[in-house]
Amino acid sequence: TVRGTLSVLTPGEIDAAIGIDREIALRSGPEAGNLSAFGPAAGLVRSEALIRLKISRMTPEGMLVIGSRRTDFFKPSHGTELLSFLGRTVEHSIRTWLDLPRPA
């Protein structure tokens with residue numbers, strides 16, 4: 001069974017992980033798995049995809065974190081179009097769960 005978790009990150013942790021002006025980061029090798037979001041599974045992660053989530057102007061940013069035990073699953077040289085689509089889809093889904101005011 002695969003289970004996900006929701007973690008509260010420290011201020012600045014998303015920018016430090018992804019980069020200030022980036023929406024997605026792909027990493028493999030020793031730098032992968034160093035995020036607090038992976039919790040006790042961090043030592044198993046060999047590659048990761050980090051996707052910045054902008055739910056709304058009234059909510060803090062979020063991050064979708066996907067880790068793999070395979071070092072070749074996510075690499076910086078891979079394309080990110082489908083991961084970007086996944087991120088926008090997750091943002092939309094979260095917006096529907098929240099009771100946010102409608103934009104004027």
Side-chain angles (χ1 to χ4, degrees):
T1 302
V2 176
R3 292 190 176 142
T5 61
L6 181 65
S7 302
V8 176
L9 304 175
T10 60
E13 195 170 354
I14 295 173
D15 285 339
I18 297 177
I20 293 173
D21 294 327
R22 297 182 65 198
E23 298 301 314
I24 297 175
L26 303 178
R27 296 193 291 227
S28 61
E31 67 256 11
N34 293 327
L35 294 175
S36 65
F38 287 119
L44 302 173
V45 176
R46 298 293 176 252
S47 65
E48 63 192 13
L50 313 174
I51 307 165
R52 186 184 303 271
L53 301 177
K54 296 177 181 175
I55 311 305
S56 85
R57 285 180 249 151
M58 296 166 279
T59 62
E61 287 187 343
M63 182 169 56
L64 177 60
V65 178
I66 306 169
S68 174
R69 293 179 183 202
R70 292 180 32 197
T71 57
D72 62 341
F73 204 79
F74 297 111
K75 289 185 174 184
S77 61
H78 289 166
T80 59
E81 294 83 12
L82 292 175
L83 289 170
S84 179
F85 177 75
L86 174 62
R88 303 307 69 88
T89 303
V90 169
E91 288 172 350
H92 176 75
S93 296
I94 293 171
R95 274 193 295 275
T96 64
W97 300 334
L98 299 175
D99 187 19
L100 297 171
R102 300 271 182 215

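Counting only heavy atoms from C-beta outward, the side chains of L64 and E91 never approach each other to under 4.5 Å. Between L35 and R27, the closest side-chain pair of non-hydrogen atoms falls below 4.5 Å. Within the 4.5 Å cutoff, side-chain heavy atoms of L83 are placed close to those of L26.
In terms of hydrophobic clustering, with Ile, Leu, Val, Met, Phe, Trp and Tyr side chains grouped at heavy-atom distances under 4.5 Å, I66 and F38 are assigned to different clusters. One hydrophobic cluster holds both I51 and W97 under the rule that ILVMFWY side chains link at heavy-atom gaps under 4.5 Å. The hydrophobic clustering, which links ILVMFWY residues whose side-chain heavy atoms are closer than 4.5 Å, places L50 and I94 apart. Transitive grouping of hydrophobic side chains (ILVMFWY, heavy atoms separated by less than 4.5 Å) brings I55 and V90 into a common cluster.
Listed by chain and number, the residues in a salt bridge (charged side-chain N to carboxylate O under 4.0 Å, His left out) with K54 are E23 (sequence neighbours excluded). Shown here are the side-chain contact (heavy atoms from CB on, under 4.5 Å) partners of A32, two or more places apart in sequence or in another chain: V45, E48.
L53 contributes atom CG, which lies 8.5 Å from atom CG of L86 (distance to the nearest 0.5 angstrom). The distance from atom NE2 of H78 to atom CG of D72, rounded to the nearest 0.5 Å, is 7.0 Å. Rounding to the nearest 0.5 Å places CE of M63 at 5.0 Å from CG of L9.
Under a cut-off of 6.0 angstrom, the local environment of CZ in R95 is crowded, with over 12 non-hydrogen atoms contributed by other residues, nucleotides or ligands. Sparse packing is recorded around CZ of F73, with 12 or fewer heavy atoms of other residues, nucleotides or ligands lying under 6.0 Å away. The local environment of CD1 in I20 is sparse, with at most 12 non-hydrogen atoms from other residues, nucleotides or ligands closer than 6.0 Å.
Residues L44 and R69 come closest through the heavy atom pair CD1-NH2, 3.4 Å.
In this structure, S28 contributes its side chain and S47 its backbone to no donor-acceptor pair below 3.5 Å. Under a 3.5 Å cut-off, the side chain of R52 and the backbone N or O of D15 do not form any donor-acceptor pair.
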